[in-house]
Amino acid sequence: MIVKFQQELKERFRRFILDKYGVELEVITEYPPHAGLGDLALPLPFALARTVRQPPRKLAEEIVTGIGVLPGLAKLEVAGGGYINCFFDRREFLLRLHQDITSERKPPSEEGHRVIVEHTNINPNKAAHIGHLRNACLGDSLVRLLRWSGEKVEVQNYIDNTGVQVADVVVGFVHLEGATLEDIKKIPGKFDYHCWDLYSRVTEYYQQDEANLSKRQEVLAHIEAGNNPIAEIAQYIATRIVHCHLATMHRINVQYDLLAWEGDILHLKFWERAFDMLKSRNAIHLETEGKNKGCWVMNLEESELVSELEEPEKIIVRSDGTVTYVGKDIAYQLWKFGLLGQDFHYRKFHQYPDGSLLWTSTSNGGTDEPPPFGKGERVYNVIDVRQSYLQKIVYEGLRVLGFEKEFRHSTHFAYEMVALTPSCCQELALSLSPEERKKPYVEISGRKGRGVKADDLIDKLTDKAKEEVTIRNPEFTPQEVEELSRQIAIGALRYFMVKYSRNKVIPFDFKEALNFEGETGCYIQYAVVRANNILNKLSEREGFQEKDIGEFLPGVDFSVLNEPGEGDDLWEILTLMSKLSEVVDMSIQTLEISVLAKYCFTLAQKFNAFYHKYQVLREGDVNRKRIRILLVYLFRTQLKRALALMGIEVPSRM
RNA sequence: GCGCCCAUAGCUCAGCUGGAUAGAGCGUCUGACUACGAAUCAGAAGGUCGGCGGUUCGAAUCCGUCUGGGCGUGCCA
């Protein structure tokens, strides 16, 4: 809401500078370091001083006296070496803020462009781990932010069901366990956990004797050929694991619109189509000599990527004729933009408890009337930073095909990995080599079965939350405790996963992750719960209803807002609340969910301080009381909204 | 070798496109619950912003360089 207000101000200053000094300047606003210096600062005189060649302080004074009275402002002041500080008219601002926070947000228009966000993308051969959680929390938060800012968003989850990783688990079942499809189907309990252990046993099996690797090749060949028992086993494993992953992700409030299966990209010959396009554009060529003889390679000599490579070429099709992951991904990316001239078939895969449907791609026998998928205007791929180079090649593929706009509209949402601290490994009884022990952290490795499983972490968090809830509320029913601790656990987890900037490695540590105090999701939830408690007590004791606020507002005397003590305290929180949409824009622009996370925490902090300092229920002065009620209500509404953008719910009590 | 990223308080991190006294959380120490529930709050201690140059009226922020660490650079994904 503060953005609109600022634009009006900037325009007034821009025109004044143009009239008086004949200089066209972009007026920049910033926030003063503390509230005493005003609500908005204009460093404009410094910029003007350069062209006009006069001291900034003097210019600032001229501008302040010359520009006169501005709407919405209480006063202007010159400060420091030449800042112009603006003080808002607090009453007017508060009324605008109330209007803004209580009005409905318009839903995205149906005919608008569609944005595609791809995230999660876990290989369907083992349980999800904490690294995958970071991906899903970031991706899902981005989805929520985009939707809130009015975008129509389609969420895709790519399933690599034909790759090496699934093949390895098949090797495990068939060659290590001697299991048939029927045996595998009978495996009870957490199937993804079973595969987690099996997968690392297969890695050991390969290490015992390199000849064992031939089993992987056999299985891969069977999967590719299709219509055989091995392929059936692979598909069964992948599908069952995907259901496990969906269940895990559902626990943390993450949903998808479409599962895109790599197998379908192959069966429907997406790659062949993309291959033709690349060939006809001479974007790739068949290498006839040298070490890449027999491969189709993309020439990157003219790309800025060339400096990252030893060879200015990237193999797209191997000499045995199979396509690499990059090739498949180019085809997929083309499809996402509606550039491939081909489409999947679709059928329903799963229905979420809220009624929304998850669709899946399929190679044949799809449902008659699926909703439209693909044809995005912009595409975000949430993939960890280690794949930056491959992502660049995928986008480069679009560019060399002449799709300049789509190239520019492809965004790799890159984030750093979650790693394990040596102490965390010790806690999990994971063995480390002497070199690894010396490192600050070690990578998670599904292959080695080294990692913290997502469900285990969620369980731990939930158990701890249960303890805490029960200590504080021994009278709660088991169902209440269950629901509240779920919300608290997920809040803690989701906040933990987004509070770090994305280019920071998270060295995972149970103590930090299981914390409910300080800068945590729980802290923020607690602030909202407190605000709700006040509103609930008001309603119990005085029959207050939230809609009463709109009615008493016109009659309130707002002079309290201008008092040095209380006025300034309230004002600080109110201006902070007004910045949510600005923070959301910033988060999207920089792809930093941590910006929003930090904002929520700061807002909660300010409220907690207010909570201790000022009483609401027992305040005798009517105007004071009403303004405090207004603040509590606006705070509650705004922070709850901000938390929802990170998929964090607010418990009714805690 | 080349490319990308990181280095700020004992620990984990913020610090927006350069701007007004470098901020949080955890940990340590001192205080505050007959309640709008202390999963909280108030206060204290703790920093030559990795080193050295440069640009600028002004640099944690931009440029160069060095050091230390991480990750890429596959006919794996």
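The chains referred to below are lettered A, B, ... by the order of the sequence lines, with proteins before strands, and numbering in each begins at 1. Computation of the quantities below employed the complete heavy-atom set of this structure, encompassing side-chain atoms and omitting hydrogens, waters and symmetry-equivalent molecules.
- Taken together, the paired segments of RNA chain B that extend over three or more consecutive Watson-Crick or G-U pairs, each closer than 3.5 Å at both contacts, are B:1-7 with B:67-73, B:10-13 with B:23-26, B:28-32 with B:40-44, B:50-54 with B:62-66.
- Taking atom CZ of A/F601 as the reference point, atom P of B/C13 lies 16 Å away to the nearest angstrom.
- Between B/U55 and B/G15, the distance separating the two C1' atoms is 22 Å to the nearest Å.
- By the 6.0 Å and 45° rule, A/R502 stacks over the aromatic ring of A/F413.
- Rounded to a whole angstrom, the distance from the C1' atom of B/G31 to that of B/A38 is 13 Å.
- Residue A/A531 is out of contact with every strand shown, counting any heavy-atom pair closer than 4.0 Å.
- Taking the centre of each ring, A/W296 and A/F275 come in below the 6.0 Å mark.
- Residues from residues 508-523 of chain A lying near RNA chain B, meaning a heavy-atom separation below 4.0 Å, are A/F516, A/E517, A/G518, A/E519, A/C522, A/Y523 in numerical order.
- Classification of the A/Y523-A/F601 ring pair by plane angle, with boundaries at 30° and 60°, yields tilted.
- An OP1 or OP2 oxygen of B/C41 is reached within less than 4.0 angstrom by no side-chain nitrogen or oxygen of A/R530.
- Of the candidates B/G72, B/C16, B/G70, B/C16 carries the atom nearest the A/M586 side chain, counting heavy atoms from C-beta on.
- Salt bridge A/D509/A/K511: absent, no basic N to carboxylate O contact under 4.0 Å.
- Here the side chain of A/P507 is nearest to one of B/G72, B/A24, B/U12, namely B/U12.
- Side chains of A/Q605 and A/T602: no donor on one and acceptor on the other come within 3.5 Å.
- Because its NZ or CZ atom is not both nearer than 6.0 Å to the ring centre of A/Y599 and within 45° of the ring axis, A/K579 does not count as a cation-pi partner of that residue.
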Between protein and nucleotides 55-61 of chain B, what N or O pairs are separated by less than 3.5 Å?
| unit_1 | atom_1 | unit_2 | atom_2 | d |
| --- | --- | --- | --- | --- |
| B/C57 | N4 | A/R50 | NH2 | 3.1 |

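- With 3.5 Å as the limit, one finds a donor-acceptor pair spanning the side chains of A/Q391 and A/Y395.
- Of the candidate nucleotides B/C13, B/A42, B/U40, B/C13 has the atom lying nearest to any side-chain atom of A/K598.
- Ranked by how close their nearest RNA chain B nucleotide is to the 5' end, A/E30 and A/V469 are led by A/E30.
- Here A/K464 lies out of heavy-atom contact (under 4.0 Å) with every strand.
- Contact annotation for A/E416: no contact, since no heavy-atom pair falls under 4.0 Å across all strands.
- Going from atom CD1 of A/I316 over to atom C1' of B/C76 covers 14 Å, rounded to whole Å.
- The gap from the C1' atom of B/G23 to that of B/C49 amounts to 12 Å, rounded to the nearest Å.
- Using a 4.0 Å heavy-atom distance criterion, A/L390 is classed as a base contact.
- For B/C33, the glycosidic angle deviates from 0 by 90° or less, giving a syn base.
- Separating the C1' atom of B/C41 from that of B/A22 is a span of 24 Å, rounded to the nearest Å.
- The nucleotide whose nearest atom lies closest to any side-chain atom of A/N85 is, among B/A42, B/A77, B/A20, B/A20.
- Remark: C1' of B/C71 and NZ of A/K392 are 13 Å apart, rounded to the nearest angstrom.
- Side-chain contact, A/Y526 with A/E517: no donor N or O sits under 3.5 Å from an acceptor N or O.
- As judged by a 4.0 angstrom heavy-atom cut-off over every strand, A/R653 is placed among the base-contacting residues.
- When the P atom is compared between B/U21 and B/C4, the two are found 35 Å apart, to the nearest whole Å.
- Nucleic acid contact class of A/D329 (heavy atoms, under 4.0 Å, all strands): none.
- Here A/R472 reaches the OP1 or OP2 of B/A39: one of its side-chain N or O atoms lies under 4.0 Å away.
- Within the nucleic acid shown, A/I488 comes within 4.0 Å of at least one base atom, counting heavy atoms only.
- The separation of B/A42 from B/A24, taken at their P atoms, amounts to 10 Å, rounded to a whole angstrom.
- Contact annotation: A/Q605 side-chain N/O to B/G25 OP1/OP2 distance is under 4.0 Å.
- In terms of modelled atom types and a separation under 3.5 Å, the side chain of A/R636 and the main chain of A/N532 share no donor-acceptor contact.
- Atom CD1 in A/I593 sits roughly 17 Å away from atom C1' in B/C13 (whole-Å rounding).
- Side chains of A/N212 and A/Q207: a donor-acceptor N/O pair is absent below 3.5 angstrom, by distance only.
- If you measure from atom OH of A/Y495 to atom P of B/U12, you get 18 Å, rounded to the nearest angstrom.
- A centroid separation of 6.0 Å or more is found between the aromatic rings of A/F270 and A/Y332.
- Across the protein-nucleic acid pair, A/L591 atom CG and B/U17 atom C1' stand 16 Å apart, rounded to whole Å.
- An OP1 or OP2 oxygen of B/A39 is reached within less than 4.0 angstrom by a side-chain nitrogen or oxygen of A/Y526.
- RNA chain B is contacted by both A/E468 and A/Y158; A/E468 maps to the nucleotide lying nearer its 5′ end (nearest heavy atom per residue).
- The side chain of A/K314 lies closest to B/G74 when the candidates are B/A42, B/G74, B/G69.
- Two residues are said to be in side-chain contact when any heavy atoms from C-beta on lie closer than 4.5 Å; A/V171 and A/Y206 meet this criterion.
- Taking only side-chain atoms of A/M417, from C-beta outward, the nucleotide of B/A42, B/U40, B/G70 with the closest atom is B/G70.
- Between B/G37 and A/N533, a contact under 4.0 Å exists linking OP1 or OP2 to a side-chain N or O.
- Atom name P, nucleotides B/G51 and B/C11: the rounded distance is 15 Å, in whole Å.
- Between A/K504 and the phosphate of B/A7, there is a side-chain N or O to OP1/OP2 separation shorter than 4.0 Å.
- Interface remark: the A/S319 side chain does form a donor-acceptor pair with the B/C75 base, using a distance-only criterion of under 3.5 Å.
- Taking the charged nitrogens against the carboxylate oxygens, A/E542 and A/K625 do have a contact shorter than 4.0 Å, which makes a salt bridge.
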Next on the checklist: As a quick check of understanding, evaluate side-chain hydrogen bond (donor to acceptor under 3.5 Å, both in side chains) for A/Q487 and A/E649, giving each step before the final call.
Outcome noted: CA-CA 6 Å; A/Q487 293 172 322; A/E649 300 167 61; 3.1 Å; yes

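- Between the P atoms of B/C13 and B/A7, the separation comes to 9 Å (whole Å).
- A/V616 comes within 4.0 angstrom of a base, heavy atoms only.
- Checking B/C71, B/A39, B/C75 against the side-chain heavy atoms of A/I315 singles out B/C75 as nearest.
- Within a 6.0 Å radius of CD in A/E224, no more than 12 heavy atoms belonging to other residues, nucleotides or ligands are found.
- Side-chain atoms of A/E592 and A/S594 include a donor-acceptor pair closer than 3.5 Å.
- Neither OP1 nor OP2 of B/C5 sits under 4.0 Å from any side-chain N or O of A/N503.
- Distance CG (A/L300) to P (B/G74): 11 Å, rounded to an integer number of Å.
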